[in-house]
Amino acid sequence: MQTLKIGTRGSPLALAQAHETRARLMQAHGLPEQAFEVVPISTSGDRIQDRPLSEAGGKGLFTKEIEEALLDGRIDIAVHSSKDMPTVLPDGLELITFLPREDARDAFIGKRVKRLADLPHGARVGSSSLRRQALIRRMRPDFEVVMFRGNVQTRLRKLDEGVAEGTILAYAGLKRLGLEHVVTDLMPLEDFPPAPGQGAIGIESRVGDRDIEKMLAAIHHVPTGQALACERAFLAALDGSCRTPIAGHATISGEKLSFAGLIISPDGTESHEVRLEGEAADAAEIGLDAARTVRARAGTKFFDGWA
């Protein structure tokens, strides 16, 4: 058969996710590793390290070059961290497959203390995520939040170099890299809700490519897809550009879905939460309802200055 080309970013975590996708496809279809080629692609988001993504252009910086390769046929599928995916995709592309979700919690890594709350007054905490920065400030307004850009290994090196006394990273990514041992504490979902899509690997393909659709259907995890449909609908209705601090997490139990969402001001001083339940089949509508509810609670002034 023709080699299936899997496009991905070139970071160790992105490659680990592409290799997981390849392994699942191999198992599902009884194919050898040689039937697949992992194609690393450098993205603007990887190259821009001197400023926050919110200032450089948002989430699309991690997907633009990969999606261009997908559209022009250089790759057959694209593997992404779902939380990095914009809610609006280029014409001709669709996000149709999700692998079983990993633990969606954030993990704290401290050099001298185990918990974020145990850091001394005025401590420096590294993060490039507006959501994490806002939640950190809500917990401890005295902290100095410093920007941490780069892949997981780069951020851990910055921690070792003393740029900050602690940092927060996605637990799922650390697990996929075999770095669970660096975690000193896990942040509770209730107090430190994750980004929509966190912990889930999403696979993007060309609309109408039936052979690829059939191949991917064998590894699609339906509950994760339902949860992501809810979370991405919530994100889309509120902005979802990486310029705004938004959290959202859906869980599936049988045919039921539970969703918790949050919007928070960048300084952490004001936040509004929403919780909804319903049928998993209505996942996207639940996400939209949650967005309408939280918008009504926050009022129009809360969104002043949002992109």
Side-chain angles (χ1 to χ4, degrees), residues 4 6-8 14 16-29 59 62-63 66-67 70 76-90 92-105 170-173 175-176 189 193-238 240 246-261 276-291:
L4 184 93
I6 303 172
T8 178
Q17 294 179 159
H19 293 158
E20 180 179 340
T21 301
R22 179 181 63 188
R24 289 180 180 274
L25 286 169
M26 288 168 56
Q27 183 178 24
H29 298 286
K59 291 186 179 184
F62 282 134
T63 59
I66 297 174
E67 290 175 327
L70 188 55
D76 300 302
I77 61 174
V79 177
H80 304 281
S81 293
S82 295
K83 70 182 180 63
D84 292 335
M85 291 296 290
T87 53
V88 178
L89 303 181
L93 299 182
E94 57 185 349
L95 191 62
I96 60 168
T97 302
F98 296 95
L99 303 188
R101 191 178 209 162
E102 251 294 358
D103 195 316
R105 288 176 293 179
Y171 186 39
K175 290 183 71 176
R176 289 186 174 116
L189 291 171
Q198 186 158 308
I201 296 172
I203 304 172
E204 190 177 21
S205 63
R206 290 180 290 270
V207 174
D209 194 332
R210 303 304 178 201
D211 290 338
I212 295 294
E213 286 180 15
K214 290 178 183 177
M215 197 170 194
L216 292 178
I219 63 170
H220 176 60
H221 190 245
V222 173
T224 299
Q226 291 171 325
L228 268 289
C230 179
E231 294 170 22
R232 286 176 62 78
F234 180 72
L235 194 61
L238 289 171
I246 299 172
H249 185 238
T251 55
I252 307 293
S253 179
E255 301 299 320
K256 300 296 183 181
L257 179 147
S258 298
F259 175 76
L276 290 180
E277 296 183 350
E279 299 294 324
D282 300 326
E285 189 56 42
I286 293 171
L288 289 173
D289 286 346

Within-4.5 Å side-chain heavy-atom neighbours: [X] and [Y]:
X	Y	answer
Pro193	His249	no
Ile203	Ile219	yes
Arg206	Leu93	yes
Phe259	Glu231	yes
His221	Leu99	no
Thr63	Glu204	no
Glu277	Ser253	no
Glu279	Lys256	yes

Closest approach of [X] and [Y], non-hydrogen atoms and distance?
X	Y	result
Ser82	Gly197	CB-O, 3.5 Å
Leu288	Ala233	CD2-O, 3.8 Å
Leu95	Gly202	CD1-C, 3.8 Å
Ile66	Thr8	CD1-C, 3.8 Å
Phe234	Ala247	CE2-O, 3.4 Å
Ala172	Asp103	CB-O, 3.4 Å

Item to check | N/O donor-acceptor pair under 3.5 Å between Arg101 side chain and Gln198 backbone | outcome: yes

### Task
In sequence, state the C-alpha distance, the side-chain angles, and the governing distance for Leu25 and Met215, and then conclude on side chain to side chain contact (heavy atoms under 4.5 Å, CB included).
CA-CA 8 Å; Leu25 286 169; Met215 197 170 194; 4.1 Å; yes

Rounded distance [0.5 Å steps], [atom1] in [X] versus [atom2] in [Y]:
X	Y	atom1	atom2	value
Met26	Leu4	CE	CG	12.5 Å
Gln226	Ile286	CD	CD1	9.5 Å
Thr21	Leu216	OG1	CG	9.0 Å
Asp76	Ile6	CG	CD1	9.0 Å
Leu276	Asp282	CG	CG	12.0 Å

> Are a donor atom and an acceptor atom from the side chains of Ser81 and Gln17 found within less than 3.5 Å of each other?
Replying inline: yes

Audit row: Ile252, Val222, side chain to side chain contact (heavy atoms under 4.5 Å, CB included) steps and yes/no: CA-CA 10 Å; Ile252 307 293; Val222 173; over 6 Å; no

Would His29 and Lys214 count as a side chain to side chain contact (heavy atoms under 4.5 Å, CB included) if you check the C-alpha gap in whole Å, the side-chain angles of each, and the deciding distance to 0.1 Å?
CA-CA 11 Å; His29 298 286; Lys214 290 178 183 177; over 6 Å; no

Requested in this report: Before accepting this row, confirm whether a basic side-chain N of the pair Arg176/Glu102 lies closer than 4.0 Å to the acidic partner's carboxylate O.
Outcome: no

**Item:** Stepwise side-chain hydrogen bond (donor to acceptor under 3.5 Å, both in side chains) test for Ser205 and Glu213
**Value:** CA-CA 8 Å; Ser205 63; Glu213 286 180 15; 5.9 Å; no

